[in-house]
Amino acid sequence: MKTNKSFLLVLIKPSHYDNDGYVIRWWRGGLPSNSLACLYGIAMECRERRVLGADFGIDIEAIDETNWKVSVEDLTRSIKAADAGMVMLVGVQSNQFPRSLDIAKQFRRRGVQVAVGGFHVSGTLSMLPESDPAVQEMMDLGVSVFAGEAEGQLEGVLQDAVVGKLKPLYNFLGDLPHLEGQPLPIIPREQIARVAGHTTSFDAGRGCPFQCSFCTIINVQGRKSRRRTADDIEAVIRGNVAQGIYAFFITDDNFARNKDWEALLDRIIEVREKEQWGLSFTIQVDTLCHKLPNFIEKCAKAGVRRCFIGLENINPDSLLGAKKRQNKITDYREMMLAWKQAKIMTVGGYILGFPNDTPASIVHDIKVIQDELPIDLLEFFFLTPLPGSEDHKTLYAKGVAMDPDLNKYDLDHVTVAHSSMSKAEWECAYKLAWDTYYSWRHIETVMRRAAATGSNVGKIKTYALYFKGYHPIEHVHPLEGGVLRLKDRHERRPHLPIEPAWLFYPRYFAQTSVKAVRWATLAIRLEWLARKVKTDPQRLKYMDQALTPVVNEVENLELYKTRSSQAFLDQRRHIEEAQKPKVVAR
């Protein structure tokens with residue numbers, strides 16, 4: 001149907017600034033944005049239903065700033081050439097809020113309507129008794145603030161925007177939508193082409209039943225499980241395959257807690273086998289997932305190739321203090337061996353900076369993990385009081401000093417004082433953690449474990465390149481990495497000077513050249529190591545403590561020698577004894 005008028009909706013997922021104040025942007029980005037996919041899908045559905053009237057068409061542009069330059073002048077011209085339009089800054093996390101604010105200022109100066117949503121807005125509104133200063137600054141600019149989820153709500157915002165009457169605040173935190181039959185997350189092919197590996201994302205469900213004090217998700221998405229149907233998931237997959245996309249990141253914070261996980265996996269298995277599509281998935285799970293009958297086996301059959309596991313720590317006291325009671329370190333080995341048997345790569349998240357942590361204890365614990373747990377890779381993070389978490393709310397209420405620069409709330413910077421470590425000691429411990437785990441000796445060990453269990457040594461090589469290289473070479477966390485760092489001298493934090501062209505460009509090209517040499521050197525050494533392992537005639541006979549099957553003797557491992565671990569083991573033995581059938585004397 002031909003329309004007489006047009007509304008241009010520009011969806012922008014902002015990046016954030018590096019330590020020198022430049023926007024982090026790549027020729028090819030790393031992780032895809034699920035928020036961008038969800039908003040694009042919802043906007044498409046609004047366009048199909050003609051929510052602005054029969055004579056109004058909606059044009060949608062999706063930009064992920066981690067891999068696509070935001071040209072404010074060009075976008076402003078396009079919006080003003082249309083009959084109406086607006087910019088929406090979507091999925092904005094706390095560390096991305098300063099960049100979002102700077103983008104919003106540029107558009108507002110040009111008279112463009114702007115709205116902002118995401119975890120920082122929703123988290124602070126749900127947890128703090130008063131308005132967050134950064135959010136208030138946005139509102140003072142005339143930017144509309146959107147809290148909650150957009151399903152069923154976006155059309156109202158668009159209807160207000162088309163007549164130029166956006167409200168200051170749209171608060172839908174108390175109205176979390178059911179996900180069955182909702183518009184499906186999708187990103188256009190040209191955007192996915194800018195993601196390394198051509199990977200896209202979708203959420204199969206939202207909400208988490210656990211109460212981890214450092215988490216923001218439970219205070220934004222709630223603790224009640226809300227799920228898409230198997231029909232929805234099949235439609236998402238088919239829609240992406242039609243674009244030539246076969247790799248997916250399922251962004252559920254804990255896919256194993258999705259009550260319909262089996263029906264979803266069964267449908268994916270059915271589609272893979274029927275269509276003969278080489279679908280692959282990355283999922284996130286908890287440390288109890290292996291206790292669900294057939295869960296890991298069906299993940300393997302469905303094409304899961306990597307799973308991210310929130311270990312967080314191996315000290316039970318730290319886990320208890322963070323309210324992560326669901327993590328039982330006595331189950332870690334059994335769970336990881338199950339993933340290893342299924343030939344699925346495991347990546348563990350590990351938090352540094354719990355009250356009992358010291359530089360020495362951190363290195364000790366990592367060495368225990370290296371020797372006794374068959375996990376493939378670890379990602380390290382600073383314990384950070386993220387706005388929207390219980391930790392942040394508690395510190396805020398007590399008046400504890402936290403770093404005022406939201407750009408640092410990326411889990412890769414110290415933002416609050418530690419009880420026993422100085423800032424320098426904590427940062428040193430963080431660097432030691434990466435260096436210790438990704439030593440050449442341990443990378444070889446991980447490769448040998450992969451070879452011995454029939455897993456893909458080449459994939460270990462690739463991910464070791466990421467995790468060993470990004471901090472020392474690019475000075476960013478691996479999760480923020482990409483291929484070929486791009487810099488624009490004008491894309492810098494406003495309080496920092498714009499460097500002259502004669503200084504900026506020679507240094508940028510020199511840095512890029514040095515980085516290329518360092519990346520190539522690292523890649524060559526990893527390739528040599530991988531070939532050494534793959535061509536070893538004894539590779540299938542490799543065995544170490546971590547690969548040893550779980551038996552009663554594992555209680556003698558260093559992993560279980562804390563007081564809390566022993567207490568849990570005593571409790572488990574007591575329960576097992578009580579559950580044994582009693583012999584009745586005749």
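Along the sequence shown, residues carry numbers from 1. Keep in mind it's a predicted model, so treat the numbers as computed, not measured. Computed over heavy atoms, backbone and side chain alike; hydrogens, waters and symmetry mates excluded.
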Problem - Intermediate values then yes/no, ring pair (Phe, Tyr, Trp, His ring centres under 6.0 Å), Phe172 and Phe146 - result: CA-CA 8 Å; Phe172 301 108; Phe146 187 100; 5.4 Å; yes
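- Salt-bridge formation is detected for the pair Arg206/Glu149: a Lys NZ or Arg NE/NH1/NH2 atom is positioned less than 4.0 Å from an Asp or Glu carboxylate oxygen.
- Scanning for side chain to side chain donor-acceptor pair (under 3.5 Å) contacts around Arg228 gives Asp203, with sequence neighbours left out.
- Contacts of Glu379 classified as salt bridge (charged side-chain N to carboxylate O under 4.0 Å, His left out), with partners at least two apart in sequence or in another chain: none.
- Looking at residues two or more places apart in sequence or on another chain, you find a side chain to side chain contact (heavy atoms under 4.5 Å, CB included) between His471 and Asp412, Tyr430, Trp434, His477, Pro478.
- By the ring pair (Phe, Tyr, Trp, His ring centres under 6.0 Å) test, Phe202 pairs with Phe248, sequence neighbours left out.
- Qualifying salt bridge (charged side-chain N to carboxylate O under 4.0 Å, His left out) partners for Lys367, counting only residues two or more places apart in sequence or in other chains: none.
- A search for side chain to side chain donor-acceptor pair (under 3.5 Å) contacts involving Glu262 returns Lys298, not counting sequence neighbours.
- Sequence neighbours left out, the pairs with a member in residues 430-439 that pass salt bridge (Lys or Arg N to Asp or Glu O under 4.0 Å) are Lys431-Asp435.
- Taking Tyr463 as the reference, Arg306, Met345, Leu377, Tyr466, Phe467 meet the side chain to side chain contact (heavy atoms under 4.5 Å, CB included) condition, with sequence neighbours excluded.
- Proximity of Arg305 to Lys459: side-chain heavy atoms (C-beta onward) are nowhere separated by under 4.5 Å.
- Evaluation of the salt bridge (charged side-chain N to carboxylate O under 4.0 Å, His left out) rule for Asp544 yields Arg449 as partners, not counting sequence neighbours.
- For Glu65, the salt bridge (charged side-chain N to carboxylate O under 4.0 Å, His left out) partners are Arg99, not counting sequence neighbours.
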Problem - Criterion salt bridge (Lys or Arg N to Asp or Glu O under 4.0 Å) on Asp286 and Arg257, from CA distance to verdict - result: CA-CA 8 Å; Asp286 63 20; Arg257 295 307 114 194; 2.8 Å; yes
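- Every side chain to side chain donor-acceptor pair (under 3.5 Å) that Arg267 has, sequence neighbours left out, goes to Asp231, Glu234.
- Two residues are said to be in side-chain contact when any heavy atoms from C-beta on lie closer than 4.5 Å; Trp261 and Leu292 meet this criterion.
- Every residue was checked against the side chain to side chain donor-acceptor pair (under 3.5 Å) condition with Lys291, not counting sequence neighbours, and none meets it.
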